[in-house]
Structure formats: structure tokens, C-alpha cells
Amino acid sequence: MGKELKEININVKSGTTFAERLWVVIPVVLLVGLFSTLVYNHYAEFSWNGFLAGFNQEFLIFFCIGIFAQLVDGTLGMGYGATSTSFLLAYGIPPAISSTGVHVAEMFTTGASAISHHRFGNINKKLVRHLLIPGVLGSIAGAYLLSDVIDGDAIKPFIAVYMIALAVIIIRKAMQKNIIKKKTKRLNILASFGGFMDAVGGGGWGPIVTSTLLGRGRNPRYTIGSVNAAEFAVAFASGVTFMLFGGIQGWQVIIGLILGGVIAAPIAAILVNKIKRKPMMILVGVLIIVLSLKTLSKLI
């Protein structure tokens with residue numbers, strides 16, 4: 001009897017270990033598969049001569065945007081899409097290319113983030129399961145509409161206004177003092193809306209989902225870790241949808257954001273405990289508002 005119980009315990013531990021490894025294996029396999037597919041289908045752009053030809057002033061601008069956006073996201077747990085999209089729109093990049101570039105880059109940055117949060121035990125798996133499927137479905141719907149139905153130029157002013165609204169949410173959350181813990185209802189609706197607006201607007205998953213959950217009094221560590229883990233699936237789904245229906249455009253934007261984000265990720269991990277959250281959130285919110293107003297001024 002004792003031996004049988006021991007064998008059962010060993011089997012349970014083995015099963016648990018395998019399940020735990022899936023949280024790392026799945027993002028790694030998906031990212032390797034994605035990168036291999038991109039190289040195979042667009043090998044000309046990945047050539048050394050093609051890379052050198054694209055290494056100009058514009059590339060450096062996108063690279064710097066990637067660094068700053070990742071520093072914001074890494075220290076606040078939100079704001080990568082809103083920050084990078086605001087900069088790209090202000091620079092004159094069309095909405096479809098901006099959103100595609102941001103979400104393809106996010107496939108890699110959020111994948112690395114999900115693995116890191118899992119390693120440090122920052123993930124509430126039950127919360128991730130509630131957010132995952134609705135968030136993915138919402139992001140696919142938004143990406144399809146932007147890439148194949150909606151006119152990017154027509155929606156550009158609405159995206160700028162949406163970014164201002166996100167900035168106001170970020171600033172409001174920063175100014176909030178006493179948070180009373182409340183039970184979060186209808187997580188599926190929240191995740192669907194966050195995923196949809198993230199795909200259409202080029203950002204919003206963090207400001208909408210993370211800020212709502214934190215505003216309900218949830219634990220910041222597990223909330224940020226879980227939302228970031230679910231964001232990998234959301235970004236991956238929307239990025240693949242953009243590639244299927246709209247193709248890949250703006251390689252300088254994508255590579256610049258990826259390289260900038262990868263370099264900034266460890267720096268953000270160091271700064272996260274050294275930078276005060278409240279003034280940083282207010283600064284980022286004000287910056288997004290200024291950039292969005294600049295975009296609107298060009299369209300009026």
C-alpha cells in the first residue's frame with residue numbers, strides 16, 4: 001500500500017512538472033516557428049545587404065521607440081502598445097502598419113516577459129485561463145477588421161482620441177490612493193474588449209485589463225504577471241491575423257521595435273524597483289496625450 005501511494009505521488013509530481021514546463025515550452029516553440037516562417041517567406045529582407053540598406057535614420061528612430069516603449073512596459077506593467085503606437089502615428093506611420101509592427105514585435109517581447117514572470121512565480125494560472133480565450137478572440141476580430149475591412153486613414157483620428165483616453169486612464173490610476181478590493185465580474189467581457197481595442201488601436205490590453213484589475217484591489221504582482229502572460233497569446237493571435245489578411249509591411253518598424261525591446265527588457269527589470277511608479281505613470285500619460293494631440297493637429 002505504501003509503495004502504491006509513493007508511485008502515485010511520483011506520477012503526480014511528474015505530471016505537474018510537465019505542465020509547468022509547458023508554460024515555457026509553448027512560447028519558445030511558437031516564437032521559433034514564427035521566426036523561421038518569417039525568414040523563409042521573406043528571406044530577401046533578412047539578407048545582410050537588405051539589413052544594411054534598411055539601417056538608416058528611420059531605423060534608429062524605430063529602435064529608440066522600441067527601447068522607450070519597453071522601458072515603460074517593463075516598469076509599469078502596461079503601456080507598450082499605447083506608447084509605441086503614439087510615437088509611430090506622430091511620426092507619420094499609417095495605423096495598419098503601426099499596429100502590425102507593434103503586435104509582431106510584441107510576440108517576441110511578451111513571450112520573453114511571460115517566461116520571465118513564470119520563472120519568478122508571478123502568474124495566477126486561473127486568472128490567465130479566464131483572460132486567454134476571450135482576449136485572443138477579441139484580438140483576432142480587431143486585427144481582421146483593421147487589416148481587411150477598416151480604412152486605416154479614416155480611423156486614424158479615432159485612434160488618436162482613443163490613445164488620449166488610455167492616457168487619462170493611466171494618469172487616473174496613478175492618482176488613485178485608497179483602493180477597496182472588489183470582486184471582478186465578467187472577466188471574459190473585459191478580456192474580449194481589451195483584446196479587440198488592443199488590435200484596432202495598436203495598444204490597450206495593459207491599460208484596460210491591468211488597470212481595471214488593479215483598480216479592483218487585486219495583488220499587483222500576480223495581476224501584472226498574469227495579464228502579461230495572457231498578452232503573449234493575444235499579441236500572437238492578432239499578429240498572425242495581421243500577417244494572414246494584410247501581409248507584412250514596414251520591416252524597419254518591426255525589426256527596430258524588436259531589437260529595441262530586447263535590449264531594454266533587462267534594463268527595465270533593473271529599474272522596476274528603483275523608479276517610483278506614480279510619477280512615471282503620470283509622465284507617460286502626459287507624453288501619450290501630447291503625441292496624440294500632435295497626430296490630431298496634422299489631420300485637422
Side-chain angles (χ1 to χ4, degrees), residues 65-66 69-70 72-74 76-89 93 95-111 113-114 127-128 130-150 152 155-156 158-170 173 187-214 223-224 226-246 253-254 257 261 284-285 288 292:
I65 291 174
Q70 185 59 39
V72 170
D73 191 73
L76 299 181
M78 66 178 79
Y80 180 90
T83 304
S84 53
T85 301
S86 298
F87 270 109
L88 292 172
L89 289 176
I93 304 299
I97 295 178
S98 297
S99 195
T100 302
V102 168
H103 284 91
V104 172
E106 276 190 313
M107 289 181 184
F108 294 90
T109 57
T110 57
S113 178
L127 178 58
V128 173
H130 280 298
L131 297 174
L132 202 61
I133 295 177
V136 166
L137 293 176
S139 68
I140 291 174
Y144 169 70
L145 288 176
L146 185 60
S147 60
D148 206 46
V149 178
I150 300 174
I155 201 176
K156 196 171 184 179
F158 297 101
I159 294 176
V161 173
Y162 169 63
M163 288 298 158
I164 293 175
L166 288 183
V168 172
I169 291 174
I170 292 173
K173 294 299 179 183
L187 280 173
N188 56 339
I189 296 176
L190 175 65
S192 298
F193 180 70
F196 180 83
M197 294 307 298
D198 187 80
V200 173
W205 175 258
I208 290 173
V209 180
T210 304
S211 63
T212 299
L213 294 177
L214 290 178
T223 298
I224 292 173
S226 302
V227 173
N228 276 333
E231 187 178 14
F232 168 67
V234 171
F236 202 93
S238 58
V240 169
T241 305
F242 277 122
M243 287 189 283
L244 288 175
F245 291 98
V253 174
I254 295 171
L257 291 177
V284 170
I288 291 173
S292 300

> Can you tell which of Ile189, Leu187, Asn188 makes a side-chain contact (heavy atoms from CB on, under 4.5 Å) with Pro134?
Replying inline: Asn188
Gap between atom [atom2] of [Y] and atom [atom1] of [X] - 0.5 Å precision:
{"X": "Ile140", "Y": "Phe236", "atom1": "CD1", "atom2": "CZ", "value": "11.0 Å"}
{"X": "Trp205", "Y": "Phe196", "atom1": "CH2", "atom2": "CZ", "value": "14.0 Å"}
{"X": "Leu213", "Y": "Leu131", "atom1": "CG", "atom2": "CG", "value": "6.5 Å"}

> How would you list, by chain and number, every residue that makes a side-chain contact (heavy atoms from CB on, under 4.5 Å) with Phe87, sequence neighbours excluded?
Replying inline: Ile65, Phe68, Thr83, Leu287, Leu291
>> Checking Leu137 now: which residues fulfil side-chain contact (heavy atoms from CB on, under 4.5 Å) with it, not counting sequence neighbours?
In response: Ile133
At their closest point, which heavy atom of [X] faces which heavy atom of [Y], and how far apart are they?
{"X": "Ser238", "Y": "Ala235", "result": "OG-O, 3.1 Å"}
{"X": "Ser226", "Y": "Leu127", "result": "CB-CD2, 3.6 Å"}
{"X": "Ala199", "Y": "Ser139", "result": "CB-O, 3.3 Å"}
{"X": "Val136", "Y": "Ala237", "result": "CG1-CB, 3.6 Å"}
{"X": "Ser98", "Y": "Leu89", "result": "OG-CD2, 4.1 Å"}
{"X": "Ile288", "Y": "Ala82", "result": "CD1-CB, 3.9 Å"}

> Are Phe158 and Tyr162 close enough that their ring centres sit under 6.0 Å apart?
Replying inline: no
Beyond-backbone contact of [X] with [Y], side-chain heavy atoms, under 4.5 angstrom:
{"X": "Met107", "Y": "Val240", "answer": "yes"}
{"X": "Leu88", "Y": "Val102", "answer": "yes"}
{"X": "Leu257", "Y": "Tyr80", "answer": "yes"}

>> Taking side chain to side chain donor-acceptor pair (under 3.5 Å) as the cut-off, I'd like each qualifying pair that reaches into residues 189-201, sequence neighbours left out, listed once.
In response: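 Sorted result for residues 189-201: His103-Asp198.
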